[in-house]
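Report on one structure; see the data block that follows.
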Amino acid sequence: MQSQYSLFADEAVQLVHDAEGGIRYHPACVPEEVVAGWFAALLPLVPWRSERRPMYDRIVDVPRLMASVALNDPERPACIDAALAAVQAVAPAPYTRAGLNLYRDGRDSVAMHNDRIHDLAPGQPIAILSLGAARDMLIKPKRGGSAQRVRLAPGSVLVMSHAAQRTHDHGIPKCSAPLGPRISLAFRVRGFRVPAFHRRAAESGGRRAALFQQADRRHQQRAHLRPVARIQLQQRYAAVGGHVGRGIRQSS
Ligand SMILES: O=C(O)CCC(=O)C(=O)O
Ligand SMILES: [Fe+2]
């Protein structure tokens with residue numbers, strides 16, 4: 001069945017090429033007055049949370065508010081389903097979660113990063129629907145070279161491949177001009193890569209399957225604890241005058 005939103009889908013702009021669809025921008029997937037309604041509904045409804053992250057030897061506020069909605073949560077706002085339908089029209093995938101970002105004004109941002117892919121299903125896209133004020137996104141090859149700048153208009157969908165997370169960074173830079181708030185809805189397919197050993201164990205049934213489930217649960221727990229563990233690691237390295245990785249990755 002054709003989605004009502006595919007009627008609005010404009011010509012896509014291909015920004016990055018790869019075997020999984022690269023990175024492409026669909027400028028007008030949902031009419032502006034419709035996304036304005038979704039924005040007004042989500043802003044007061046969503047339990048926005050602020051986060052703090054280690055930045056070298058300091059702990060700093062993440063400059064935006066965040067939330068996350070499971071797409072099978074019976075309590076999810078109705079417009080999440082409508083937004084999902086719009087995204088499915090241009091980037092069909094078995095999405096499981098929407099990550100929400102609220103940029104309160106031009107001072108809010110997200111640093112250049114790639115989305116963490118360890119718990120995203122390989123080969124599946126990440127699709128970002130924009131509501132509210134238009135913001136620029138920078139997309140930069142990891143191997144070096146200049147960044148592309150794309151303005152994410154309200155009602156647009158930016159689709160990034162899983163593969164592109166290994167080759168490119170993206171971010172929303174701060175903007176000095178006075179700007180209203182923006183919400184982005186990032187639809188993702190969570191489902192971590194099952195190591196072959198565990199897959200075989202699960203398929204074999206019985207005791208080995210139980211072991212697999214145990215390993216799966218441990219993985220989920222570790223994923224939950226990871227930010228805390230990382231802060232501790234970062235602090236330990238800071239104490240000896242170094243830092244972990246190259247700065248902080250902010251994502252998902
Ligand atoms: O707000 C956006 O458009 C980008 C958000 C993003 O990169 C993320 O949530 O990982
Ligand atoms: Fe991201």
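Keep in mind that this is a model prediction, so the values were computed, not measured. What's counted below: heavy atoms across the whole structure, side chains too, no hydrogens, waters or symmetry copies. Order of listing sets the numbers, starting from 1, for every ligand and every atom in it.
Interface of Met137 with ligand 1, defined as ligand atoms under 4.0 Å from a residue heavy atom, comprises 3 (O), 4 (C). Each of the following atoms of ligand 1 lies closer than 4.0 Å to a heavy atom of Ile128: 3 (O), 4 (C). In summary, the atoms of ligand 1 found under 4.0 Å from a heavy atom of Asp115, numbered by their order in the structure, are 10 (O). Annotation for ligand 1: atoms under 4.0 Å from non-hydrogen atoms of Tyr103 are 1 (O), 2 (C), 4 (C), 5 (C). For ligand 1, the atoms lying closer than 4.0 Å to a non-hydrogen atom of Arg188 are 8 (C), 9 (O), 10 (O).
Each of Leu185 and Leu45 belongs to its own hydrophobic cluster when Ile, Leu, Val, Met, Phe, Trp and Tyr are linked at side-chain heavy-atom distances under 4.5 angstrom.
A salt bridge between Arg190 and Asp119 is present, with a side-chain N of the basic residue lying under 4.0 Å from a carboxylate O of the acidic one. By the 4.0 Å N-to-carboxylate-O rule, Lys174 lies too far from Asp108 to be salt-bridged with it.
Only the side chain of Leu152 comes within 4.0 Å of ligand 1, judged by heavy-atom distances. Contact annotation: for Arg135 versus ligand 1, there are no heavy atoms closer than 4.0 Å.
Of the N and O atoms on the side chains of Arg143 and Thr167, not one donor lies less than 3.5 Å from an acceptor on the other residue.
Residue contacts with ligand 1: Met66 is excluded, as none of its non-hydrogen atoms falls under 4.0 Å.
To the nearest 0.5 Å, the span separating CG on Leu15 from CE on Met160 amounts to 11.0 Å. One distance of note links CG of Leu43 with CG of Leu102; it measures 6.0 Å at 0.5 Å rounding. Here Gln148 contributes atom CD and Met137 contributes atom CE; the two are 12.0 Å apart, rounded to the nearest 0.5 Å.
For atom 5 (C) of ligand 1, the candidate residues are Leu100, Leu185, Asn101; the nearest heavy-atom contact is made by Asn101.
Summary: OD1 is the N/O/S atom of Asp115 found nearest to the Fe ion (ligand 2). For the Fe ion (ligand 2), the nearest N, O or S atom contributed by His113 is named NE2.
Counting heavy atoms of neighbouring residues, nucleotides and ligands inside a 6.0 Å radius, atom CZ of Arg104 exceeds 12 of them.
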